[in-house]
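Have a look at the structure below before the remarks.
Start at 1 and go down the list; that is how both ligands and their atoms are numbered.
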Amino acid sequence: MAMQTSTPVTLDRAWISELKRREAARLDERTRGSGRLFERARRSLAAGVASAYQARDPWPIYLDRGAGARVWDVDDNEYLDFHNGFGSMVQGHAHPAIMRAVERRLRLGTHFAAPTEDAVWVAEELSRRWGLPQWRFTNSGTEATMDAIRIARGLTGRDTILKIFGSYHGHHDYVMVSIGVEYASIGDRDDLASLPYGAGIPDVVARMTVPVPFNDADALERRIKRLAGEDRLPACLIMEAALMNLGVVLPRPGYLERVREITRRYGIAWIIDEVKTGLTIAAGGATEHYGLEPDLVCLAKSLGGGLPTGAIGGTDEAMAVVRDGRVYQVGTFNGNPLGMAAARASLSEVLTGEAYGHLHRLNERILAGCRAVLERSGLPGYAVGIGSKGVVTFSPVEIVDYETFKRHQDKELAELGWLYNMNRGIFMTPGREEEWTLSVAHSEADVDRYIAVFEEMASDLVRGAG
Ligand SMILES: Cc1ncc(COP(=O)(O)O)c(C=O)c1O
């Protein structure tokens, strides 16, 4: 899928800096209201935001409202939303079916900490879509991956866990390890280091999480053998089937099948983190798309149709430790009636077979459009996507793991792309690693707008190229 561009251009770095300066000044000018709100917000909200991922220099863009494929900021700038709440709003904003279900539930009481029929219905539907018989609910992706890891530990009686180097699985200590590492510190792929991501994570906890490179089943097996030799056989391997936090990185043919075979052979629970892929790339997520047989899966983001809801699905065997009470999988708001009502409406009325047909057709169109721009302009990059998600990765070679991402991704072009989008009515996640997520509310005209903005940036870049 990596497309070599026909006639690569030589980029002029000074010109890229100039374009970035120009676009940043224009964005500041357009978002003065956000600037004022930031001045107020920072006095009581740390760094002016509710989550560090929302922060941005010189100020975050504060949103006011959304409808369908569109959002408006506090300056009343209108955008087509390709960020979609970090890929949570594949249903689009304020979808009538979800609004109806939530409004109905509001009047019937919003929280009991007792199960409701909607939770049973959602578990049945997820069982059908994922082919996994047993489910539990959480309030976020972080809770889902945290509990799935505890289940795997309870099941196997082992402590060590494996994760993919550079991969994000939420903000609990077990998985805030070996993320965002500088290229020079990555080290030997057979001996990747367990590095805490930020302060406050005990070293002793980080060292229980062992990272391995993506797309390299041999390295995985070598690391497992070494751990076995140290009497540290892992409880689980937690991973995404396609990486969604380094742009989009697809698995090489045969890789996932080998991972399944190896983990099975060593009695290691295979946890597929579908917080981003679930319900956005197919009705049954990456599990359906790639025909996988995980022991456990984690869902969140798009499951709740805009409400904070997560889920863990598992085989009968894996979930036995939850059923019989050996592992406590608990939470006051688990299966919250509002979230369950939204999830049910979303699964039954919005994310239907027809919706996935629409998303896939639109994604093909936006990918093809971006590829054509790359071809014409000679910019070093390729367009890659799956389901409702995709990205233009500015790299002369295909990114296959964290090391190639850090080495080859052109950070400046990714940043410039964000500024171009924001100044031309395309709302995107700040950050060089982010992919777009389309929603059922997007139209062909909407994705064509995205392509047109990319075309404008490409021609401006080429104009100043050497
Ligand atoms: C793959 C993956 N897993 C887990 C999480 C954590 O989800 P949450 O932010 O809902 O805790 C994220 C969030 O971005 C994610 O991308």
Checklist entry - Given the rule in the side-chain contact (heavy atoms from CB on, under 4.5 Å) test, do Y382 and I399 qualify, once you have shown the distances and angles that lead to the verdict? => result CA-CA 10 Å; Y382 61 95; I399 306 290; 3.4 Å; yes
Next on the checklist: Under the criterion ring pair (Phe, Tyr, Trp, His ring centres under 6.0 Å), I'd like the reasoning laid out for Y53 against Y168: C-alpha separation, chi angles, the key distance, then a yes or no.
Outcome noted: CA-CA 13 Å; Y53 297 137; Y168 185 73; 5.6 Å; yes
Item to check | Candidate pair V90 and L438, rule side-chain contact (heavy atoms from CB on, under 4.5 Å), full reasoning | outcome: CA-CA 6 Å; V90 70; L438 305 178; over 6 Å; no
Item to check | Trace of the side-chain hydrogen bond (donor to acceptor under 3.5 Å, both in side chains) decision for W436 with N84 | outcome: CA-CA 8 Å; W436 67 66; N84 269 317; over 6 Å; no
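For the ring pair (Phe, Tyr, Trp, His ring centres under 6.0 Å) test with Y450, the passing option among F82, F427, Y420, Y79 is F82; the others fail.
Of all atoms in ligand 1, numbered sequentially from 1 with element shown, those under 4.0 Å from a heavy atom of H169 are 3 (N), 4 (C), 5 (C). Listed by number with element, the atoms of ligand 1 under 4.0 Å from a non-hydrogen atom of V275 are 2 (C), 3 (N), 4 (C), 5 (C), 7 (O), 12 (C), 15 (C). Applying the 4.0 Å criterion to heavy atoms of G170 picks out, from ligand 1, the atoms 4 (C), 5 (C), 6 (C). The atoms of ligand 1 that sit less than 4.0 Å from any heavy atom of K276 are 16 (O). Residue-ligand proximity, S140 to ligand 1, at heavy-atom distances under 4.0 Å covers atoms 10 (O), 11 (O).
Nearest-heavy-atom check against atom 11 (O) of ligand 1 across N139, T142, T277 picks out T142.
Using a distance-only test at 3.5 Å, with no hydrogens or angles considered, a donor-acceptor pair links the side chain of E143 to the main chain of N139.
Aromatic ring centroids of F86 and H83 lie under 6.0 Å apart.
If you take CG on L359 and NZ on K389, they are separated by 11.0 Å, rounding to the nearest 0.5 Å.
Distances shorter than 4.0 angstrom do not occur between any heavy atom of E143 and any atom of ligand 1.
Note: an N/O pair closer than 3.5 Å links N245 and ligand 1 by distance alone.
Residue D273 touches ligand 1 through its side chain alone, judged by heavy-atom distances below 4.0 Å. The proximity of F86 to ligand 1, defined as any non-hydrogen pair under 4.0 Å, does not occur for either the backbone or the side chain. Counting heavy atoms under 4.0 Å from ligand 1, residue E240 touches it through the side chain alone.
Surrounding NE2 of H171 are at most 12 heavy atoms belonging to other residues, nucleotides or ligands under 6.0 Å away.
Considering only non-hydrogen protein atoms, atom 10 (O) of ligand 1 sits nearest to G141 N, 2.9 Å. Nearest to atom 14 (O) of ligand 1 among the protein's heavy atoms is K301 NZ, 2.8 Å.
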